[in-house]
Amino acid sequence: MNILVINCGSSSLKFQLINTEDESVLAKGLCERIGIDGRLVYQPANGEKETIDSAMPTHKQAIQLVLDSLTDEKKGVIKSLDEVGAVGHRVVHGGEKFAASSVITEEMLKTVEECNDLAPLHNPANLIGINACKELMPNTPMVGVFDTAFHQTMEDTAFLYGIPYSMYEKYKVRKYGFHGTSHSFVSKRTAEFLGKDIKDMKIIVCHLGNGASICAVNGGKSVDTSMGLTPLEGLVMGTRSGDIDPAVIEFLAKKENKDITGVMNILNKESGVYGLSGEVSSDFRDLEAAAKDGNEKAARARQVFIYRVVKYIGSYIAAMNGVDAIAFTAGLGENDGSVRKEICDHFGYMGIEIDAEANSKRGEDMVISTENSKVKVVVIPTNEELAIARETLELVTK
Ligand code: AMP
């Protein structure tokens with residue numbers, strides 16, 4: 001079956017058409033600047049990448065353009081939309097309502113809408129994408145795959161904040177966690193790659209990209225994760241602060257004469273390694289280059305990031321009473337061997353050893369720890385689109 005995977009943001013939309021027989025990508029691309037002017041980047045598997053500037057005032061028009069390209073006589077990869085068996089939509093927040101992916105129905109969409117307060121930037125955009133797609137493909141089954149669902153196995157001891165319980169009862173303020181599709185995919189693949197049953201494993205997945213989070217996976221279930229009510233909690237990220245003393249918000253508001261929105265903007269967009277480096281960059285490649293040129297702030301930003309990752313890994317080893325494997329994934333986790341090594345060197349006392357040669361490779365599933373290492377360390381490229389396609393296939397063929 002061919003499955004169209006859609007990840008819809010407020011002004012952009014990423015897509016992949018995946019053939020689930022052999023899990024190949026038939027075509028992929030991106031619509032940008034929806035509602036502004038509009039640009040479609042379209043890449044068929046066996047053809048030229050093409051950039052088309054075309055007005056897309058609404059998401060419906062953007063999706064129509066994607067469907068037109070997929071079925072185009074020349075550059076298309078399918079003859080008609082009948083060859084799309086299902087659509088899998090990424091949905092950011094499923095609150096406590098969704099502990100698994102779900103077939104899209106009117107009732108399901110109402111429940112997703114109830115979670116909008118928890119992710120005001122993302123969920124409404126996801127819903128717009130789903131509704132636009134439904135209008136254009138009314139008879140094609142669709143599935144919502146949630147970033148939060150994998151973490152619904154956390155116990156209340158892990159997900160509750162130390163605030164009045166009534167805040168949880170009234171507003172569901174708690175840790176939810178994100179990147180669930182990636183943490184689930186990478187933890188499963190880690191066990192499979194190491195030839196072990198995931199039920200017998202304690203795995204720590206480090207999803208280190210521009211957004212970054214860590215997840216403790218015990219027996220295949222998420223037992224704790226670093227992001228919280230929103231994706232702001234946890235690690236120091238590209239531009240997000242991660243954990244801070246909550247009192248910093250009031251302090252900064254007074255000192256900088258800003259309202260809550262202004263301070264949240266600092267924490268979401270002007271912080272992380274970008275802010276720490278004195279606005280050099282949120283990209284680790286730029287930070288490393290600047291550090292090599294003697295920029296101390298850039299070097300320090302990298303160290304603060306690493307130190308926070310180390311603290312989370314350490315706390316999850318304690319939470320699970322041990323660890324069998326540590327997996328690195330996402331842009332930085334998959335590509336930056338020096339960051340991986342510096343993180344793992346903190347665990348030398350536990351017998352973790354990195355193999356320098358293995359750690360210098362890229363782009364494939366690989367073990368980067370030595371034969372003697374007490375804990376296996378692996379790099380597993382994440383593939384959220386494929387994970388969404390697999391979930392969608394499972395639900396529509398049930
Ligand atoms: P992601 O959000 O998963 O796409 O990751 C993007 C981030 O990964 C970038 O901002 C960089 O910090 C990092 N990254 C990507 N490629 C490399 C690379 N070759 N070396 C070091 N860092 C990289």
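Whatever order the structure lists them in is the order used to number ligands and atoms, beginning at 1. Counting from 1, the numbers follow the sequence of the chain as shown.
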Backbone N/O of I380 and side chain of R189: donor-acceptor pair under 3.5 Å: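 No: the side chain of R189 does not pair with the backbone of I380.
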
Backbone of K79 reached by a side-chain donor or acceptor of T71 within 3.5 Å: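 Judged by distance alone, no pair lies under 3.5 Å.
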
Atom 20 (N) of ligand 1 - nearest protein heavy atom and its distance: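 Atom 20 (N) of ligand 1 sits closest to the protein heavy atom R285 CG, 3.5 Å.
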
For atom 12 (O) of ligand 1, closest protein heavy-atom neighbour: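 Protein heavy atom with the smallest distance to atom 12 (O) of ligand 1: F284 N, 2.8 Å.
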
side-chain contact (heavy atoms from CB on, under 4.5 Å) involving L121 - partner list, sequence neighbours excluded: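 L121 satisfies side-chain contact (heavy atoms from CB on, under 4.5 Å) with no residue once adjacent residues are dropped.
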
Within-cut-off N or O pair, L332 and ligand 1, under 3.5 Å: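 In this structure, L332 places an N or O atom under 3.5 Å from an N or O of ligand 1.
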
N or O pair under 3.5 Å between G211 and ligand 1: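 No: no nitrogen or oxygen of G211 is under 3.5 Å from one in ligand 1.
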
Within ligand 1, which atoms have a heavy atom of [X] less than 4.0 Å away?
X: D336; result: 21 (C)
X: R362; result: 19 (N)
X: N210; result: 1 (P), 2 (O), 5 (O), 6 (C), 7 (C)
X: G209; result: 1 (P), 2 (O), 3 (O), 5 (O)

So that I know where these two stand, are [X] and [Y] an aromatic pair - ring centroids less than 6.0 Å apart?
X: F178; Y: H93; value: yes
X: Y168; Y: Y161; value: no
X: Y176; Y: H151; value: no

Salt-bridge contact D283-R285 (side-chain N to carboxylate O under 4.0 Å):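 R285 and D283: salt-bridged.
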
Per atom 11 (C) of ligand 1, closest listed option by heavy atom (L208, T382, N335, D283):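 Checking each option, the heavy atom nearest atom 11 (C) of ligand 1 is found in D283.
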
Options G331, A330, G238, ranked by nearest heavy atom to atom 5 (O) of ligand 1, top entry: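 Heavy atom nearest to atom 5 (O) of ligand 1 belongs to G331.
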
Residue pair E353 / S373, side-chain donor-acceptor N/O under 3.5 Å: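 Judged by distance alone, the side chains do not pair up.
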
Location of contacts on M237 toward ligand 1, heavy atoms closer than 4.0 Å: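 No part of M237 comes within reach of ligand 1.
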
